[in-house]
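First the structure, in the form of structure tokens, and then the observations on it.
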Amino acid sequence: MIIDGKKLAENVRQSLKKIIDEEKIVPVLAVISVGKDKASQIYVRNKEKAAAEIGVKCDVYSFSDDVSQQELENLVLKLNCDKAVNGIIIQQPLPKALDGDALLDLISPQKDVDGFGVFNAGRLLLNEKGGLVAATPKGILRMLESTGETLAGKHAVIIGRSKIVGRPLAALLLNQHCTVTVAHSKTQHLPELCQCADILIAACGQPKIVKKNWVKKGALVLDVGINRDENGKICGDVDFDDVVDVAKFVSPVPGGVGPMTVAMLLENTVQTCLVQTKEN
Ligand code: NDP
């Protein structure tokens with residue numbers, strides 16, 4: 001069966017719109033974008049569009065590649081203090097000359113709607129409630145939950161250990177009582193390891209690397225990758241056509257994790273807006 005991330009994301013957006021209308025709030029998301037990376041520009045536009053549809057105001061701050069660290073830090077500090085702003089994100093990747101981690105850690109934890117800062121990432125790792133959880137892992141968990149399968153006790157193998165996907169996802173699934181293995185580029189015997197997975201999540205940016213013989217019969221397979229295949233078509237890290245008959249559930253690319261990531265970012269923004277509105 002296919003996990004329809006597009007449909008799930010639409011349901012999330014509809015619920016958020018209802019909350020926004022009922023509570024009469026206008027959540028504001030500040031997006032800091034640096035450089036002219038084409039994929040990043042598309043992601044920012046997608047976020048703006050999805051936000052506008054449900055009544056979240058998206059303020060995009062665009063800079064050229066040569067912007068200074070100081071200028072960006074000043075902006076983050078200003079946005080932290082701005083009561084009209086509920087969430088702040090810094091579109092990745094940043095040019096190498098900039099210290100992205102320092103910028104992320106400067107974002108107020110209450111406005112860190114990407115959940116990438118050390119405070120929210122630490123809370124997730126320690127399984128402390130009330131923090132902001134990174135959008136992609138949060139969306140993946142919702143997609144897994146949508147299958148109705150019990151997660152506790154399952155062996156989850158995650159391919160990829162990045163700060164934005166693999167690591168927070170490992171913490172999130174551990175908190176759901178999965179047994180978690182995180183694989184990366186130095187992992188040995190990857191296909192055999194993946195064959196042991198009840199839940200297999202591919203987040204390594206390698207087009208269609210996961211084949212049928214990597215997948216245990218009846219596994220749940222989630223594909224995070226966004227790549228181009230040899231014909232320039234968008235594809236995931238999973239060879240969907242090869243795997244679809246072996247897996248019990250599989251998510252497609254496009255139309256899987258991507259739309260859920262955007263929906264979860266909006267959910268985090270609405271959540272922070274509700275909290276901040278009550279506080280002010
Ligand atoms: P990174 O490049 O930051 O991390 C990739 C990870 O995969 C690293 O841990 C790397 O290992 C590992 N890896 C790379 N090649 C292999 C391999 N052959 N075998 C095993 N592990 C490997 O990528 P991101 O986490 O940012 O993104 C991963 C993919 O997900 C990309 O395609 C990206 O576009 C997509 N993405 C999609 C999102 C969505 O919303 N759908 C959101 C975010 C990302 P090592 O650490 O050893 O280098």
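Excluded from the calculations below are hydrogen atoms, water molecules and symmetry mates; all remaining heavy atoms, backbone and side chain alike, are included. One-based numbering, in listed order, for ligands and for the atoms of each.
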Practice item. List the atom of L16, the atom of A263, and the distance in Å for their closest heavy-atom pair. Key: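 Heavy atoms only, the tightest pair is CD1-O, 4.0 Å.
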Closest approach of any protein heavy atom to [atom], naming residue and atom:
atom: atom 20 (C) of ligand 1; answer: H184 O, 3.2 Å
atom: atom 34 (O) of ligand 1; answer: I226 O, 3.6 Å
atom: atom 26 (O) of ligand 1; answer: I164 CD1, 3.5 Å
atom: atom 15 (N) of ligand 1; answer: Q206 NE2, 3.2 Å
atom: atom 13 (N) of ligand 1; answer: C204 CB, 3.6 Å
atom: atom 10 (C) of ligand 1; answer: S185 N, 4.2 Å
atom: atom 19 (N) of ligand 1; answer: L190 CD2, 3.7 Å
atom: atom 31 (C) of ligand 1; answer: G205 CA, 3.7 Å

With heavy-atom distances below 4.0 Å as the criterion, list the atoms of ligand 1 near [X].
X: I159; value: 20 (C), 21 (N)
X: T136; value: 40 (O), 42 (C)
X: N227; value: 32 (O)
X: V165; value: 25 (O), 43 (C)
X: I209; value: 18 (N)
X: T261; value: 39 (C), 40 (O)
X: G258; value: 40 (O), 41 (N)

Review point. N74 pairs by side-chain hydrogen bond (donor to acceptor under 3.5 Å, both in side chains) with which of K78, E71, Q70?
Key: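 Checked K78, E71, Q70 against N74; only one passes side-chain hydrogen bond (donor to acceptor under 3.5 Å, both in side chains): Q70.
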Would you say [Y] and [X] are linked by a side-chain donor-acceptor pair, where the criterion is simply a distance under 3.5 Å?
X: D99; Y: Q69; answer: no
X: S108; Y: Q110; answer: yes
X: K47; Y: Q91; answer: yes
X: T136; Y: T261; answer: yes
X: N280; Y: K278; answer: no

Looking at ligand 1, would [X] count as a contact under a 4.0 Å heavy-atom criterion?
X: A183; result: no
X: T187; result: no
X: V253; result: no
X: G166; result: no

Between the side chains of [Y] and [X], is the shortest nitrogen-to-carboxylate-oxygen separation below 4.0 Å, so that they form an ion pair?
X: D242; Y: K211; value: no
X: D237; Y: K208; value: no
X: E22; Y: K18; value: yes
X: K138; Y: E267; value: yes

**Study point:** For atom 41 (N) of ligand 1, the option (of V224, V262, I140) bearing the nearest heavy atom
**Key:**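 Considering heavy atoms of V224, V262, I140, the nearest to atom 41 (N) of ligand 1 sits in V224.
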Point to revise | Nearest protein heavy atom under 4.0 Å from atom 24 (P) of ligand 1, yes or no | key: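 Yes, at least one protein heavy atom sits under 4.0 Å from atom 24 (P) of ligand 1.
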Exercise for review: Take atom 2 (O) of ligand 1 and look for protein heavy atoms under 4.0 Å from it; say yes if you find one, no if not.
Suggested key: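 No, because not a single protein heavy atom sits under 4.0 Å from atom 2 (O) of ligand 1.
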Review point. Checking side-chain contact (heavy atoms from CB on, under 4.5 Å) for the pair L79/K111: CA distance, chi angles, key distance, verdict?
Key: CA-CA 9 Å; L79 294 170; K111 296 189 179 187; 5.9 Å; no
Point to revise | Side-chain donor or acceptor of D198 paired with backbone N/O of K154 under 3.5 Å | key: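 No; judged by distance alone, with no hydrogens or angles, the pair does not exist.
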Exercise for review: Mind running side-chain contact (heavy atoms from CB on, under 4.5 Å) on I199 and H155 for me, showing each step along the way?
Suggested key: CA-CA 6 Å; I199 297 170; H155 182 198; over 6 Å; no
Check your understanding: At under 4.0 Å between heavy atoms, which part of R161 makes contact with ligand 1: side chain, backbone, both or neither?
Key ->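 Contact part for R161 vs ligand 1: both backbone and side chain.
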Practice item. Report yes if some N/O of G160 lies less than 3.5 Å from some N/O of ligand 1; otherwise report no. Key: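 Min N/O separation from ligand 1 is not below 3.5 Å for G160.
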